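In what follows, a single structure is set out as structure tokens and then discussed.
It should be emphasised that the depicted structure is a prediction, and the values quoted were computed from it without experimental measurement. Order of listing sets the numbers, starting from 1, for every ligand and every atom in it.
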Amino acid sequence: MKNLKKLIILTGPSGVGKGTVVKEILGKDKDISLSISATTREPRVGEKEGENYYFLNQEKFKKMIEQNLFLEWAEFAGNYYGTPLSSVKEKINNGLTVLLEIEVEGAKQIKEKFPESLSLFLLPPDKKELERRIRNRGTEKEEAIKKRLFRANYEMSLSNQFDFELINHNVDETAERIIKIIRS
Ligand code: 5GP
């Protein structure tokens, strides 16, 4: 893959608002394309195959790992998540800037493999706010919420390993800041 400056990683804890910020970025800049990940987690209400994720069973996911079909993959809160290699290659070869919205372990893998990629870590205004956002989203059961909050502490302790740390106070403003960083 050439031109890996065009590989952008957006990471940060669950509930920080990565998905909302990504939507805003995609609406503002048509040269940026989101990589659709594969996951073994169950679809949430309203989520669509191939739009939000490729929803796979564990067997299929593990087969893809064995066949080296992921650019990176990680286990998160009891499920597997991974970035399919083929679509990222295709987008980059077509001149698009590819955005990966992924958790921290995957982000670290990409940073190690492709040091020229750009990595951004999104932080919540504070931990209480993070918990409030995860709970208000209403998409997870209590057990899953606890796993995500526990994991969030670990993830936030690694924020300084990435190129930029941004606090997500306001979606529109965060998206604008990220686009500026990508373009500069
Ligand atoms: P969710 O279940 O809330 O959609 O995602 C859980 C976490 O997995 C989020 O932090 C999300 O960014 C991350 N994630 C989504 N896709 C991928 C992927 O392809 N690879 C990795 N490593 N993490 C991902």
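Atoms of ligand 1 found under 4.0 Å from any heavy atom of Lys18 (numbered from 1 in listed order, with element): 9 (C), 10 (O), 12 (O). Residue Thr83 approaches ligand 1 through these ligand atoms, each under 4.0 Å from one of its heavy atoms: 19 (O). Ligand 1 places these atoms under 4.0 Å from at least one heavy atom of Gly82: 18 (C), 19 (O), 20 (N). Atom numbering of ligand 1 starts at 1 in the shown order; those under 4.0 Å from a heavy atom of Arg41 are 1 (P), 2 (O), 4 (O). Close approach of ligand 1 to Gly106 (heavy-atom distance below 4.0 Å) involves ligand atoms 22 (N).
Checked by distance only, ligand 1 and Ala74 stay at 3.5 Å or farther apart across all their nitrogen or oxygen atoms. Not a single N or O atom of Trp73, backbone or side chain, sits closer than 3.5 Å to an N or O atom of ligand 1. Looking at ligand 1, you'll find an N or O of Glu103 within less than 3.5 Å of one of its N or O atoms. In terms of polar-atom proximity, defined here as any N/O pair under 3.5 Å, Glu140 makes no such contact with ligand 1. Remark: ligand 1 and Arg137 share no N or O pair separated by less than 3.5 Å (distance only, no angle test).
Comparing heavy-atom distances from atom 5 (O) of ligand 1 across Tyr80, Phe70, Tyr54, Tyr53 singles out Tyr53 as nearest.
What sits closest to atom 20 (N) of ligand 1 on the protein, heavy atoms only, is Glu72 OE2, 2.7 Å. What sits closest to atom 11 (C) of ligand 1 on the protein, heavy atoms only, is Glu101 OE2, 3.5 Å. Considering only non-hydrogen protein atoms, atom 16 (N) of ligand 1 sits nearest to Ser37 OG, 3.0 Å.
Using a cut-off of 4.0 Å between Lys/Arg side-chain N and Asp/Glu carboxylate O, Glu176 and Lys180 are scored as not salt-bridged. Salt-bridge formation is detected for the pair Glu129/Arg133: a Lys NZ or Arg NE/NH1/NH2 atom is positioned less than 4.0 Å from an Asp or Glu carboxylate oxygen. A salt bridge does not link Asp31 to Lys6: none of the charged nitrogens lies less than 4.0 Å from a carboxylate oxygen. Arg151 and Glu103 are joined by a salt bridge, as a carboxylate oxygen and a charged side-chain nitrogen come within less than 4.0 angstrom of each other. Ion pair Glu140/Arg137 flagged as a salt bridge, since at least one NZ, NE, NH1 or NH2 atom sits closer than 4.0 Å to an Asp/Glu carboxylate oxygen. Ion pairing of Glu59 with Lys63 is absent here, as no side-chain N (NZ or NE/NH1/NH2) approaches a carboxylate O to less than 4.0 Å.
Note: Tyr81 and Trp73 fail the aromatic proximity criterion, with ring centroids not under 6.0 Å apart.
For Glu143, the CD atom counts as loosely surrounded, since its 6.0 Å shell holds 12 or fewer non-hydrogen atoms of other residues, nucleotides or ligands. Enclosure of atom NZ in Lys127 is not indicated, since only 12 or fewer non-hydrogen atoms of other residues, nucleotides or ligands lie within 6.0 angstrom.
Residue-level proximity to ligand 1 for Phe76 is carried by the side chain, the only part with a heavy atom below 4.0 angstrom. Residue contacts with ligand 1, taken as heavy atom pairs separated by less than 4.0 Å, do not involve Gln109 at all.
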Going through the distances and angles, do Lys108 and Glu112 end up as a salt bridge (Lys or Arg N to Asp or Glu O under 4.0 Å)?
CA-CA 6 Å; Lys108 278 171 36 186; Glu112 276 158 29; over 6 Å; no
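Residue contact check for ligand 1: Glu105 places no non-hydrogen atom closer than 4.0 Å to it.
Of all the heavy atoms in Leu130 and Val16, the pair that sits closest is CD1-N, 3.6 Å.
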